[in-house]
Every structure is written in C-alpha cells, then in structure tokens.
2 protein chains.
Amino acid sequence: MFSNSSKYAIKAVLFLAVHSHENHRIMVKDIAKPINVPQAYLAKLLQALSRHNIISSKKGPKGGFYLSEENNQHTLMDVISVIDGDDRFNTCLLSLEKCNANKPCPLHDLASPSRSIFLKSLSENTIKNFSRQIEKGEVFLPL
Amino acid sequence: MFSNSSKYAIKAVLFLAVHSHENHRIMVKDIAKPINVPQAYLAKLLQALSRHNIISSKKGPKGGFYLSEENNQHTLMDVISVIDGDDRFNTCLLSLEKCNANKPCPLHDLASPSRSIFLKSLSENTIKNFSRQIEKGEVFLPL
DNA sequence: TTTAAAATATGACAAAAATCATATTTAGGA
DNA sequence: TCCTAAATATGATTTTTGTCATATTTTAAA
Ligand code: FES
Ligand code: FES
C-alpha cells in the first residue's frame, strides 16, 4: 500500500508533530532511533520533505528538524506525494489505462468505495489533527 | 497495493476463467498478448500458479493452460498468496509489530474497516464468480 | 517411432527501491 | 575569528522486483 519510504516519512513527521516546536528542533539521529528507521536513509527523506516545505529545518549547532504551525496544516497525503510521487493512488488496481466507473475492472467496485474513503481521510486530516489524537492517547506511534 | 506480478497473475487467471475450459487450453503467448503482459514473464508466473494447483496445464502439442472446475473455486487471494506470499495484507500500514485494535497506529482506524471489507471480498469471491460478472458485462477485463 | 509443439526449470540480466557513505555548507558559541 | 555541530548534496552499494533467454521434458499427431 505505502512504500517503505512513505511509512518512514509518515512516522517521522508524526513524531515531529508530537515532539518538536519552532524552538525545539530535533536532529535526525534523535528521530531515527525512536521510530526505528535507518538514520542515513531517514536523513535523505527528511531533506526531501524539507525541500518541499512539508517540514522545517535549521542547520548548524542547535539545529535540527521541526514542524512550524504552517507545516502542521499539511496532510499525510502531502507527505506521501513528496516521497512517492502523485499517482500512486490514482491508478487502477490492475493498471487499466483509466480507472473509471463506466468501464470498471473486476476489482473496481470491490475496492473503489473503501479506497476513496481512505484517501479522503488521508488528504483531509491535518498533521495537527493526528498529533492531537496521539496526545490524547487514542492512537499510538510505533517503535 | 498489489505487486506488478500479482496484477499480471490476476489478469491472466481471469482471462483463463472466461476463455478456457478443460478441453480448450490456451498457450502463454495467446494469454500474454491480449492482457498486455511480457510473455516470458507471464510464463514464469503461470508456472508458479500451476505448481500450486491454482491453475491447470498440459504440456505438448494442443497443450496450454486452463481452469478446471476445481480451479474455478479458488479466490483471487489464493492467486496473490502464491505470487506475493501470505503476509502482504496482514501487516500494519506503518509496519507496527502487531496491528491490533487495542494499540492502533494513527492510520489503523482510518484504514482498517475498509481494508477488511476489501480483503474479505478478495478471499470470499471465487474466480467463477468474477468470470460470471465479466460475462454479464458488469465489469471489464483490461487490455 | 519420429517430429514438433507445448509447458517446465533454471539462471542471467536490468531496473527500481532501499540503504550506506562522504564531502560540503551553514550557523552557533567559545 | 575559529571550531564544531548540525543539515544538505551527491553518489555508491545492496537488495528486491521485474524481465529475458535457453535448455529440458512431455505429449499429440504424422
Ligand atoms: S478500473 Fe480497475 S480499479 Fe478502477
Ligand atoms: S496498527 Fe497500524 S494499521 Fe493496524
């Protein structure tokens, strides 16, 4: 469903959402460890996110990554788009040219309803929203 | 969601379901062409499916692949299991050790309901079932 | 019984995804 | 100003996935 890279990126962003602030930045190694992701690889992912303004960063001593208030308004779909590109979810399950309801493949009706509900929540819930759920203890961040 | 290999395998099996019989076997090249899959690659996939008794085959002249009545009772999940292995769908979206409702990751509640509905239909609908839908013109097999 | 048509087995090769390594740039603090 | 701590840029390596090629086995039909 998600690429490994996306999973890592999502975990990292949610971790930052909960633990970082404008003036409390966290460096790669202190993110990589708790979310259990190879540090050098995560660094690359975070750099890509930063380049696309999904997360913020500061170089040098006392530097690190963090989420600004603006960053917090992004969605997980934004994260996925940066890491995996845009059309991972807009294609037919069997790679039919154009997935549509008029000429559905055998899996379309099976998958499409639940799929669109899921995608909708991915692209409508803000990061902030997720971090609130985590803080309330409704959901949990994995090791 | 599905690997490329699974997509190919599913397309081929559904093609066989509609076009083959016990005594009308179809050879690889006549499957590969219409479903638009590299022939040599498809051959490998079909051989794997045949080895696991998901589809049937006969060697030699007039030979080829086909679905027996028994084969028709299998599910697409069976196909996927042979090609991609078993635990592609039984894992947490964020690769949490054990995906459960007690300690859900942030995506669990978002995805889990729709996901289980989808998986259920994959493992409960028989191939036969799908081919009926295709024959009725309710759904379509892609090129 | 020979021939040719098919699947099967096996492995080489290519492309993509994931991982690791290292040199460069920026900025805080002594 | 200089040193050091951090991100950044770049690219090499490894692993997985997808693709291609070829020799072997089976079997129908002449
Ligand atoms: S047509 Fe295949 S998923 Fe929509
Ligand atoms: S805990 Fe992550 S999907 Fe269930």
Side-chain angles (χ1 to χ4, degrees), chain A residues 1-12 16 20 23-33 35-68 71 80 82-85 87-88 94-95, chain B residues 1-13 16 20 22-33 35-68 71 80 82-85 87-88 94-95:
Chain A
M1 174 79 107
F2 299 127
S3 72
N4 237 325
S5 298
S6 285
K7 289 184 189 177
Y8 291 171
I10 290 174
K11 290 209 271 182
L16 283 174
S20 81
N23 43 23
H24 176 237
R25 300 181 274 272
I26 311 184
M27 31 185 196
V28 202
K29 70 163 179 235
D30 293 329
I31 306 171
K33 183 92 66 71
I35 67 174
N36 198 34
V37 168
Q39 169 173 344
Y41 191 25
L42 183 61
K44 203 172 237 187
L45 296 173
L46 291 178
Q47 283 162 28
L49 291 173
S50 166
R51 217 177 307 125
H52 287 82
N53 293 107
I54 306 295
I55 67 177
S56 305
S57 69
K58 185 140 205 210
K59 280 183 177 183
K62 291 277 166 188
F65 294 93
Y66 64 99
L67 261 57
S68 67
N71 294 149
I80 296 166
V82 166
I83 302 297
D84 281 347
D87 36 49
R88 191 178 184 92
L94 297 180
S95 299
Chain B
M1 175 80 107
F2 299 126
S3 72
N4 237 324
S5 298
S6 285
K7 288 183 189 177
Y8 292 170
I10 290 173
K11 290 208 274 182
V13 168
L16 284 174
S20 81
E22 193 94 29
N23 43 22
H24 177 237
R25 300 181 273 272
I26 310 184
M27 32 185 195
V28 201
K29 70 163 179 235
D30 294 329
I31 306 171
K33 184 92 67 72
I35 67 175
N36 199 34
V37 168
Q39 170 174 343
Y41 191 23
L42 183 60
K44 202 171 239 186
L45 297 173
L46 292 178
Q47 284 161 29
L49 292 173
S50 165
R51 218 177 306 125
H52 287 82
N53 293 107
I54 306 295
I55 68 177
S56 305
S57 68
K58 183 139 205 211
K59 282 183 177 182
K62 291 278 165 188
F65 294 94
Y66 65 99
L67 261 58
S68 67
N71 293 149
I80 296 166
V82 166
I83 301 298
D84 281 348
D87 35 49
R88 190 177 184 92
L94 297 180
S95 300

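Chain identifiers are assigned alphabetically (A, B, ...) following the order of the sequence lines, protein sequences preceding nucleic acid strands; residue numbering begins at 1 within each chain.
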field: Under-4.0 Å side-chain N/O to phosphate OP1/OP2 contact, B:S3 with D:dT17
entry: no
side-chain N/O A:K58 vs C:dG28 OP1/OP2, d < 4.0 Å: yes
Between [options], which one does the side chain of [X] approach most closely?
X     : options               : value
A:R51 : D:dA7, D:dA9, D:dT27  : D:dA9
A:A40 : C:dT8, D:dA7, C:dA21  : C:dA21
A:S57 : C:dA18, D:dG18, D:dA7 : D:dA7
B:S5  : C:dA4, D:dA7, D:dG18  : D:dG18
B:M27 : C:dA6, D:dT8, C:dG28  : C:dA6
B:K59 : C:dT8, D:dT19, C:dT19 : C:dT8

Rounded to the nearest angstrom, tell me the gap between atom [atom1] in [X] and atom [atom2] in [N].
X     : N      : atom1 : atom2 : value
A:I55 : D:dT8  : CD1   : C1'   : 12 Å
A:F65 : C:dT26 : CZ    : C1'   : 13 Å
B:L46 : C:dA7  : CG    : C1'   : 10 Å
B:L42 : D:dC20 : CG    : P     : 12 Å
A:N4  : D:dT15 : CG    : P     : 15 Å
A:N23 : C:dG28 : CG    : C1'   : 16 Å
B:Q47 : C:dA9  : CD    : P     : 7 Å
A:Y41 : C:dA17 : OH    : P     : 9 Å

Ignoring hydrogens and geometry, is there a side-chain-to-backbone donor-acceptor pair from [X] to [Y] under 3.5 Å?
X     : Y     : value
A:R25 : A:K62 : yes
A:D84 : A:S6  : no
A:K11 : A:I35 : yes
A:S20 : A:L67 : yes
A:R88 : A:M1  : yes

task: Using a heavy-atom cut-off of under 4.0 Å over every strand shown, decide if B:R25 touches base, sugar-phosphate, or nothing.
output: nothing
statement: Whichever of B:P38 and B:R88 has the more 5' nearest nucleotide on DNA chain D, that residue is B:R88
- prompt: Which comes earlier along DNA chain D counting from the 5' end, the contact point of B:G60 or that of B:F2, where each point is its nearest nucleotide?
  reply: B:F2
query: Within the modelled atom types, does a donor on one side and an acceptor on the other bring the side chain of B:K44 and the base of D:dG18 under 3.5 Å apart?
result: no
message: Could you check whether B:Y8 and B:S3, counting side-chain N and O atoms only, form a donor-acceptor pair closer than 3.5 Å?
response: no
field: First encountered from the 5' end of DNA chain C, between A:P61 and A:Y8
entry: A:Y8
